[in-house]
Amino acid sequence: MSLSLELIAEFKGKNTVHRVLPDGQIETSCQGTGKIMGIDAMILCTTWGVMSEGLFMGEGTGIITTMAGETVTLQMSSIGVPSRNGGISRGASTQATASDVLMRLNKAICLHEYKTDTTDNWDGKIWEWK
């Protein structure tokens with residue numbers, strides 16, 4: 001079996017909120033702008049999870065909205081590794097959309113990578129696993 005990936009989205013943004021929840025989970029919300037499938041868009045996400053043995057293991061939800069008003073919702077699972085320079089998070093997501101232009105994402109598994117600096121700015125890429 002060979003793994004084939006197609007880069008379908010790139011975003012830049014900022015983590016805007018960090019909270020420790022009553023059950024000890026860490027919650028982070030973020031927002032950013034970029035492109036999905038060549039279309040200008042913005043992304044909003046919230047992740048939550050736990051730190052264990054130097055890794056952040058979590059889940060999240062998000063929404064990508066194109067400038068034309070089309071939306072894609074995301075369900076994500078991720079593992080994050082903090083470092084003195086920020087951190088890196090990698091994971092997978094499933095998507096749902098009613099947009100004709102973005103419809104193929106309903107059947108896709110996507111992989112993502114977000115690199116965050118020490119001031120909570122991040123760069124993210126999303127690939128479609130084919």
Side-chain angles (χ1 to χ4, degrees):
M1 178 172 105
S2 68
L3 178 67
S4 175
L5 299 175
E6 177 186 346
L7 181 64
I8 61 164
E10 291 188 75
F11 291 96
K12 291 182 184 257
K14 187 161 188 76
N15 293 330
T16 55
V17 175
H18 296 287
R19 294 186 329 150
V20 177
L21 303 175
D23 63 0
Q25 291 192 78
I26 300 167
E27 177 186 82
T28 301
S29 292
C30 70
Q31 62 185 38
T33 58
K35 291 185 181 282
I36 183 164
M37 295 172 56
I39 304 166
D40 289 333
M42 63 179 284
I43 186 169
L44 299 171
C45 295
T46 299
T47 60
W48 56 92
V50 296
M51 287 295 291
S52 177
E53 299 182 27
L55 295 175
F56 174 82
M57 295 179 285
E59 298 177 25
T61 59
I63 187 165
I64 297 172
T65 305
T66 70
M67 295 308 145
E70 299 167 303
T71 61
V72 178
T73 58
L74 311 165
Q75 295 294 318
M76 304 168 282
S77 293
S78 300
I79 294 177
V81 180
S83 72
R84 65 178 180 191
N85 299 323
I88 189 165
S89 173
R90 293 184 177 119
S93 65
T94 56
Q95 300 70 224
T97 184
S99 164
D100 289 336
V101 176
L102 304 170
M103 187 67 65
R104 82 177 210 218
L105 297 176
N106 287 337
K107 298 179 182 178
I109 298 292
C110 290
L111 303 177
H112 61 263
E113 178 179 82
Y114 288 85
K115 294 179 181 176
T116 305
D117 67 19
T118 56
T119 59
D120 277 331
N121 295 301
W122 54 260
D123 292 315
K125 293 183 179 183
I126 302 172
W127 294 269
E128 180 182 358
W129 183 0
K130 295 188 164 211

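The nearest pair of heavy atoms linking W122 to K14 is NE1-N, 3.1 Å. Contact between G86 and T118 at its shortest, heavy atoms only, is N-CG2, 3.8 Å.
A distance of 9.0 Å separates CE of M76 from OG of S89, quoted to the nearest 0.5 Å.
Annotation: side chain of T66 is in contact with side chain of L102 (closest heavy-atom distance under 4.5 Å). For the pair Q75 and T61, the minimum side-chain heavy-atom distance is below 4.5 Å. Looking at V81 and L55, their side chains come closer than 4.5 Å, going by heavy atoms from C-beta outward.
Using a 3.5 Å distance cut-off with no hydrogens or angles, the side chains of T46 and S29 do pair a donor with an acceptor. Looking at S93 and Q95, their side chains do bring a donor and an acceptor atom within 3.5 Å of each other. For the 3.5 Å distance criterion, the side chains of N85 and S83 fail to qualify, holding no donor opposite an acceptor.
Shown are H112, R90, E59; of these, the side chain to side chain donor-acceptor pair (under 3.5 Å) with S78 is made only by H112.
Note: the hydrophobic cluster containing L44 does not contain V72 (ILVMFWY, side chain heavy atoms under 4.5 Å, direct or indirect links).
Counted within 6.0 Å of CD on Q31, heavy atoms from surrounding residues, nucleotides or ligands total 12 or fewer; the atom is thus considered open. Sparse packing is recorded around CG of D100, with 12 or fewer heavy atoms of other residues, nucleotides or ligands lying under 6.0 Å away.
In this structure, R19 pairs ionically with E27, as a charged nitrogen and a carboxylate oxygen lie closer than 4.0 Å. Taking 4.0 Å as the cut-off between side-chain N and carboxylate O, K12 and D123 count as a salt-bridged pair.
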